Every structure is written in structure tokens, then in C-alpha cells.
There are 2 protein chains.
Amino acid sequence: MAIFSKTCEYAMRAVFYVAQRSHEGYKVGIKEIAGHINSPEPFLAKILQQLSRDGVILSTKGPNGGFYFDAASLNRPLADVVTAVDGDEIFTGCGLGLTYCSESNPCPLHEEFKKVRNQLTHMLHTTTIGKFNLGLIKGKFTLNK
Amino acid sequence: MAIFSKTCEYAMRAVFYVAQRSHEGYKVGIKEIAGHINSPEPFLAKILQQLSRDGVILSTKGPNGGFYFDAASLNRPLADVVTAVDGDEIFTGCGLGLTYCSESNPCPLHEEFKKVRNQLTHMLHTTTIGKFNLGLIKGKFTLNK
DNA sequence: AAAATAAAGGACAAAAATGTCTTTTATTAA
DNA sequence: TTAATAAAAGACATTTTTGTCCTTTATTTT
Ligand code: FES
Ligand code: FES
């Protein structure tokens, strides 16, 4: 089991790809995105629909339409993507699966787990959607295989 | 979605409870464990079977039998429990779901994700199964609800 | 040795996550 | 205004995770 769900992984990969293409001045269709991040096209469509409903990603229909980000959206944190598709359990939930994570009634792992969870939270809040655009354009990163 | 699977959460809760009872000198049956960690009994049985096959937990059949840890087992890292039920993907996998996490061909999130993953790994390797025995006996921690 | 106990094992069931397909709606280009 | 394009939406299918039940095996007590 991975840290993030498949849904969330595809969402983040797609968002990084669309961000790069937006930086380059293009909108991108589902087919192009799915091809470049190596994800099942119809499944990815569902995920991007969700992101679109939540206002995380922008889209327009019709010819020359597709998904894209504006300047403001490129500065949103990656955490918004995670929350939109997976909710906030990963940011607030108990590591041992108790109903609530609680300071006053903690599980044994609470103190140790909280540190890890806080670092993950901090990382996802300080990493913006557009952070890797230049690196992606320069070919420094991979989003498929 | 939580960091760990339900299976893994139940496994860790069970292990902490059995460790405490072992420290107190008892073996514990499935029914008692499930009751104290609030988990479905037959499902937990499967999980503990797996841990037993992997040699993470000890068990004996028959009257006065049950699950327990010896002194050596109490010093094993919690990471062994996670690996036994969920594999090592959480310790080695790519945060964006690429087939392999690679230094030479990294995903955009690689550097940032690696830090979080390393801290999680470190935490699970330095936390022993028996670490919380005294705290549990003193009632400082909760394992149900 | 017999009966009681408790884990081990296997088959099955429900729920959730993941993946697919078809139709509808909105937008643009011609 | 029509045709083409592309996302939105909804129904459906598969796989994995989670959960249940019943039988078997090993151990201990009587
Ligand atoms: S109570 Fe378990 S992590 Fe906080
Ligand atoms: S390649 Fe993605 S985390 Fe290392």
C-alpha cells in the first residue's frame, strides 16, 4: 500500500503536466494528459472532473478547449489537489485508525506519527502546483512509467 | 484515505495490545484482542495469522494458548509489522505512483517526498513493538474508538 | 484417552477503489 | 447556423480491500 491512493497519484501527475503546459501557453485535452502521465483515460477524466468541480483546475469545452491553470491557480498548494480527491483524512487522521486523532486521548503512536504527518502536511502546503514547471520543461522530471 | 491500510492499522493496534499483555505475563486470544482494539474478530484473526506466519508474533493453540511476544520480539521494530501486512511499498515507493522511485529519473515530487518517506521509515524502525507497554499499563493511551 | 480450548486454514460475501463505456452539454470554428 | 470538438455526467464492470463463516489442526486439562 502506497501513501496516496491511485486516484490521488494520477491527480498529482496530471496537475503537474497540465501546469507545465499552461506555463507554455496551452490547454490540454484528456487524451494528451492521459498519454503523457500513463493513466487510463476514462478514469483520469473522472478525476479531473472532480478537480474541476472543486475549482482546483480550470477547463473549457469545445474546440481548442481542455484543462489549464491560470496564474493564481498555479500558486495553489498541492495539498488542495490531495484534499479534493482524497479528503483531509491524511492531514488529520489517526495513524492507528482511531476515529479521531486526539491530544487528550491519544493512541500510542500519536506523538511519533504526528511529526511525520505534520511534515507531510507542510510539504504539500509549501509545494505549489506550478513549482516544477521549469524543471519539467527542461526534461528534468518524469511523469510516466 | 489514510496513510496505512485498515489491515495495517488493526495489526499495529493488536500488536501494541498483545505486547502490553505479554509484558504483564499473559497470552491473549483473538476474542480478547478484538474486544480491546475494537476490530472485527474474524478479520483480525486473518491478520494475526499472517503476522504469525511471518514470525512477527508468537502463538500457541489449545487451552491457555493465544498470541504473545517474547523479550526478543518486543524489541522488534514496528516496521516489521507494517512490512508483514502491507509490504514495503510505503518505504520505497514513488509518491506519484511511478513504477520505481529513482534518483536518476525522478518524478517532480521526488526530493520533497523522499524526506517525508525517510522520516516515516525512521520512525517505524526506531519504534519497537514493546515501546508503549508501560504507558499502556498506566492507561496513558487508547487503542479502541 | 477424551473433552475442551484456541489458532490455522479455506471458502465465501460485502464494500470500496479502480477502470470502462455511452450519452449529454457547452463551446468554437467554419 | 451547422458541424466539429471536448468536457460533463451517468451507468456499468472489474479488482482489491475488508469482513464473515465453517472446518481442521494442535495443545492442554481432566
Ligand atoms: S491519536 Fe493516533 S495519531 Fe493522534
Ligand atoms: S521518483 Fe517519485 S518519489 Fe522518487
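Just so we're clear, the structure is a prediction, and the values are computed from it rather than from any experiment. Residue numbering restarts at 1 for every chain, and letters A, B, ... go by the order of the sequence lines.
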Rounding to an integer number of Å, can you tell me how far [X] [atom1] sits from [N] [atom2]?
| X | N | atom1 | atom2 | answer |
| --- | --- | --- | --- | --- |
| Ile47(A) | dA9(D) | CD1 | P | 16 Å |
| Leu44(A) | dA9(D) | CG | P | 16 Å |
| Leu48(B) | dG19(D) | CG | C1' | 15 Å |
| Phe43(A) | dT16(D) | CZ | C1' | 12 Å |
| Lys6(A) | dG19(C) | NZ | P | 7 Å |
| Gln50(A) | dG19(C) | CD | C1' | 16 Å |
| Leu58(A) | dA6(D) | CG | C1' | 16 Å |

Closest heavy-atom contact between [X] and [Y]?
| X | Y | value |
| --- | --- | --- |
| Thr92(B) | Arg117(B) | O-NH1, 3.1 Å |
| Thr142(B) | Asn105(A) | CG2-O, 3.2 Å |
| Glu89(B) | Met1(A) | OE1-N, 3.4 Å |
| Lys145(A) | Asn38(A) | N-ND2, 3.9 Å |

Inset, instruction - Test for a donor-acceptor pair under 3.5 Å between the base of dG10(D) and the side chain of Lys46(A), counting only N and O atoms. - result: yes
Legend entry - Sugar-phosphate only, base, or nothing, as touched by Pro40(A) at under 4.0 Å among non-hydrogen atoms: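 The answer is sugar-phosphate, as Pro40(A) gets under 4.0 Å only of primed atoms, P, OP1 or OP2.
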Legend entry - Within residues 84-92 of chain A, residues whose heavy atoms come under 4.0 Å of DNA chain C: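 Close to the strand, none.
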Legend entry - Nucleic acid footprint by protein, nucleotides 2-7 of chain C - heavy-atom cut-off 4.0 Å, B for base, S for sugar-phosphate alone: --BBBB
Inset, instruction - Would you sort out whether Ile129(A) and Val56(A) count as a side chain to side chain contact (heavy atoms under 4.5 Å, CB included), showing the intermediate values? - result: CA-CA 10 Å; Ile129(A) 288 171; Val56(A) 174; 4.2 Å; yes
Inset, instruction - Run the numbers on Asp80(B) and Thr83(B) for side-chain hydrogen bond (donor to acceptor under 3.5 Å, both in side chains), then give the verdict. - result: CA-CA 5 Å; Asp80(B) 287 3; Thr83(B) 302; 5.5 Å; no
Legend entry - Donor-acceptor contact present, side-chain Arg21(A) to main-chain Val28(A), <3.5 Å: no
Inset, instruction - Output yes when at least one side-chain N/O atom of Tyr10(B) is less than 4.0 Å from OP1 or OP2 of dG19(D), else no. - result: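 Indeed, a polar side-chain atom of Tyr10(B) lies that close.
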Extract all donor-acceptor atom pairs below 3.5 Å that involve side chains of residues 61-68 of chain B and protein atoms in other chains or at least two apart in sequence.
none

Inset, instruction - Take Phe141(B) and Gln20(B) through the side chain to side chain contact (heavy atoms under 4.5 Å, CB included) test and state the conclusion after the steps. - result: CA-CA 11 Å; Phe141(B) 301 121; Gln20(B) 175 205 350; over 6 Å; no
Legend entry - Nearest-neighbour nucleotide for the Arg53(A) side chain, dT20(C), dT20(D), dA9(D) considered: dA9(D)
